[in-house]
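Notes follow the structure.
So that the names make sense, note that chain A is the first sequence line, chain B the second, and so on, each numbered from 1.
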Number of protein chains: 4
Amino acid sequence: MTNAGTSRRRSIGAQRNPESQQAILKAAEAILMEDGLAGFSIEAVARRAHAGKPTIYRWWPSRAALLLDVYHHQKHVERVPDTGSLETDIIAFLTALFGYWRDGNAGAIFRSVIAEAQTDVKATDALRAYVLDRFSQSAEFVRRAQARGEAADWVSPELAIELLAGFAWNRLLTSRLDDNPEELQRLARQISLGLKG
Amino acid sequence: MTNAGTSRRRSIGAQRNPESQQAILKAAEAILMEDGLAGFSIEAVARRAHAGKPTIYRWWPSRAALLLDVYHHQKHVERVPDTGSLETDIIAFLTALFGYWRDGNAGAIFRSVIAEAQTDVKATDALRAYVLDRFSQSAEFVRRAQARGEAADWVSPELAIELLAGFAWNRLLTSRLDDNPEELQRLARQISLGLKG
Amino acid sequence: MTNAGTSRRRSIGAQRNPESQQAILKAAEAILMEDGLAGFSIEAVARRAHAGKPTIYRWWPSRAALLLDVYHHQKHVERVPDTGSLETDIIAFLTALFGYWRDGNAGAIFRSVIAEAQTDVKATDALRAYVLDRFSQSAEFVRRAQARGEAADWVSPELAIELLAGFAWNRLLTSRLDDNPEELQRLARQISLGLKG
Amino acid sequence: MTNAGTSRRRSIGAQRNPESQQAILKAAEAILMEDGLAGFSIEAVARRAHAGKPTIYRWWPSRAALLLDVYHHQKHVERVPDTGSLETDIIAFLTALFGYWRDGNAGAIFRSVIAEAQTDVKATDALRAYVLDRFSQSAEFVRRAQARGEAADWVSPELAIELLAGFAWNRLLTSRLDDNPEELQRLARQISLGLKG
DNA sequence: AGATAAGCGAGACGGTACGTCACGTCTTCAC
DNA sequence: GTGAAGACGTGACGTACCGTCTCGCTTATCT
């Protein structure tokens, strides 16, 4: 930080000031972490970041946009496990996702993004695009299982991931992220072998 | 309606006036249906119901409480299919749920409840209790399949339902309720037979 | 004051709270007195009066309306002198007006009202109506002079007052209110006798 | 205009660019004419003149300074009538002034200057200096009347002009510039002969 | 039967946040 | 160093809701 404490942040000419951008994202993240979505307002972010509201609105057209940007700036979890076996891949996938959401702020932030998407159409669209992209990435480990002959040809890798992700969303959105290893094992077994066993 | 148009609603003494209660719930539902969660405010409900704000606050302590009450007053879909076969039961379950959410207002209202639950802890608790109850009810058709020998003994009916419900939630929350029958069939097959086929 | 310091001002039901009204007018007056028109904002008045902005906007549709109201709540100067002689009446009229504007806040407030009237059409209309009314009231002493035979029949009392008032406005608006008794005497003489002497 | 439309205005080295200066003054005048003082902002002038804000602030330290400059660049009316008679000189003086203010933009601009002078002390000083200078110039026709023996020796030409100007200001500031010839005649008669006739 | 108590619509209250506008300052880059 | 350009922090704008309060009323229930 070049400006550490001594002087205020200023314009650096007719171009975006990355210090302001960082300060705003950090403030937004901190507020979400501390007070949740309820305390998250443009005004509060501006106050905490020592930024002007117009500066925020200049670069993020809405609360939802800022929220999504905060989420995207989170460190990402590896979502394509590769343990060599479908069943353990499933367990690894869910364990990593639950841990990611549980340990840092990512869970609280993602809950906020989902909530926002129920109000703001742009947020809905952005969230849909995001999850579809994620699903197709994560589906890779199922595709690998198919290549290994471990999964049937007729299964849809995306649909399989959607099933796992839907399960995880439900747990997240109802505050039930405490992962039970046996439960996950059972789930992985159910999914890989099917209800019919 | 006893008071049809001619006179205003009044107190009926030191007791809750059911007409007011009904008017408020109807107004709340109409607003959610027409404008979604974004337009849903106590102020707007009071305006539309020709009710005083204190009347609303007297009986519903928060926005979330009113929202949940609206949802509970919706007609419920039958969630325990019984077609005689596990695979068609799964299809029937999801088809009914998607249709229920898509056709009436129930989808918009449930999305609102979920969103509210991300902000309001009481709403989270209420939602969690609600879904756990629902899951255990719906799990009945999986239990029946087990009884028929159509599903393995070691599978958890609740977990199975949670998988289906999670899938449905994800579709609802990202506005992807347009149900594709083939997709549902494939999903049902995946779940019943497992990825390994 | 019934609420002296101990408790906050509250709603007294579905009716205007006169305490709030008074607090707002006093705050507005104090701000004008201390900081002039430059510091006069609805926000500042609300802050000082411990009132909500919507409360101000509820009762005064604009800055101009509040400004005029503040001016109208000033103590009024007697503008119809009656010394028995036209010339001394003129001197008394101007002396009183200058003194009124100079001594209290009235001058600063009236300057603000005039300035506002150059921006806001409603304020222009209100100011015009106000001055025309004032002129016709003040014209009384000229009418009395006519009745006494001290002024010619063909003179217009209103026009005469407008001449005096215009002179006073000019002095007020250019910060030249320091009254010079000899100058006023000369002016009174000029007006009563005419330039031709 | 040398640069008509084809290219942007640029620096012409370490000296003031008169094209920019002209463009800014023209833009300021046009805005005052079209939207009045309410629409007059440095931002709006910069936008309309395709000028940078710092360019404006470099040469005019405040809104008031720009306003006064715009006023000074107006074509001036001849304010020293010479009809040979005091009474018709008075009528000519007022008719010319009213016409000047009414016909072009000058009235709107001068109103703005006066309003600004109620907020900005520098503008007050500049306005006072300006009007005192004007008064002494215009007083010339009264002095001539004195030289002709048409006005008494003891009258103050400046005071007489101040009376006329004050009358005119009042009309300008309350949007009553519609000149009534008979009224002006009566006024001229009152002033020249005096109220006592 | 009269008093009491609570519910009702209404709407004002002090607040907070909204999204926009203009302020005056600052920096960049072309000339 | 001047020019256009435009980002910056600041703060006011006028509006929407928040949750609380009091009003004036209506009516069932309890003396």
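The pair C:R128-C:D125 meets the salt-bridge criterion, since a charged nitrogen lies less than 4.0 angstrom from a carboxylate oxygen.
Across the protein-nucleic acid pair, B:I24 atom CD1 and E:dG7 atom P stand 13 Å apart, rounded to whole Å. Put simply, CZ on B:F40 is 14 Å from C1' on F:dC18, counting in whole angstrom units. Protein atom CG of A:D35 is 11 Å distant from nucleotide atom P of E:dA17, rounded to whole Å. We find that CD of A:E19 is positioned 17 Å from P of F:dA7, with the value rounded to whole Å. B:L37 places its CG atom 13 Å from the P atom of F:dC17, with the value rounded to the nearest Å. Atom-to-atom, CZ of C:R16 to P of E:dG14 comes out at 11 Å; the value is rounded to the nearest Å. Here the P atom of nucleotide E:dG14 and the CG atom of C:N17 are 7 Å apart, to the nearest Å.
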For nucleotides 23-27 of chain F, give me every protein contact, N/O to N/O, under 3.5 Å, one pair per line with atom names.
{"unit_1": "F:dT26", "atom_1": "O2", "unit_2": "B:S11", "atom_2": "OG", "d": "3.3"}

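In the region residues 41-59 of chain C, proximity to DNA chain E at under 4.0 angstrom, judged on heavy atoms, holds for C:H50, C:A51, C:G52, C:P54, C:T55, C:R58, C:W59.
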Which pairs of donor and acceptor atoms, one on a side chain in residues 24-35 of chain C, lie under 3.5 Å apart (sequence neighbours left out)?
{"unit_1": "C:E29", "atom_1": "OE2", "unit_2": "C:N105", "atom_2": "ND2", "d": "2.9"}
{"unit_1": "C:E34", "atom_1": "OE1", "unit_2": "C:R48", "atom_2": "NH1", "d": "3.1"}
{"unit_1": "C:E34", "atom_1": "OE2", "unit_2": "C:R48", "atom_2": "NH2", "d": "2.9"}

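Rounded to the nearest 0.5 Å, atoms CG (D:L127) and CD (D:E116) are 11.0 Å apart. Rounding to the nearest 0.5 angstrom, the gap separating the CZ atom in D:R111 from the OG1 atom in C:T119 is 9.0 Å. Interatomic distance, A:N17 CG to A:R9 CZ, rounded to the nearest 0.5 Å: 7.0 Å.
Side chain of A:S20 to main chain of A:R16: no donor-acceptor pair is present (N/O by atom type, distance under 3.5 Å, no hydrogens or angles). Of the possible polar contacts, one joining the C:S112 side chain to the C:A108 backbone as a donor-acceptor pair under 3.5 Å is found.
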Subject >> side chain to side chain contact (heavy atoms under 4.5 Å, CB included) between C:Q74 and C:F110, worked out >> reply: CA-CA 10 Å; C:Q74 294 296 110; C:F110 196 47; over 6 Å; no

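Screening D:F40, D:Y71, D:W59 for a side-chain contact (heavy atoms from CB on, under 4.5 Å) with D:L66, the sole residue that qualifies is D:F40.
Which of E:dC13, F:dG9, F:dG3 sits closest to the side chain of A:R9 comes down to F:dG9.
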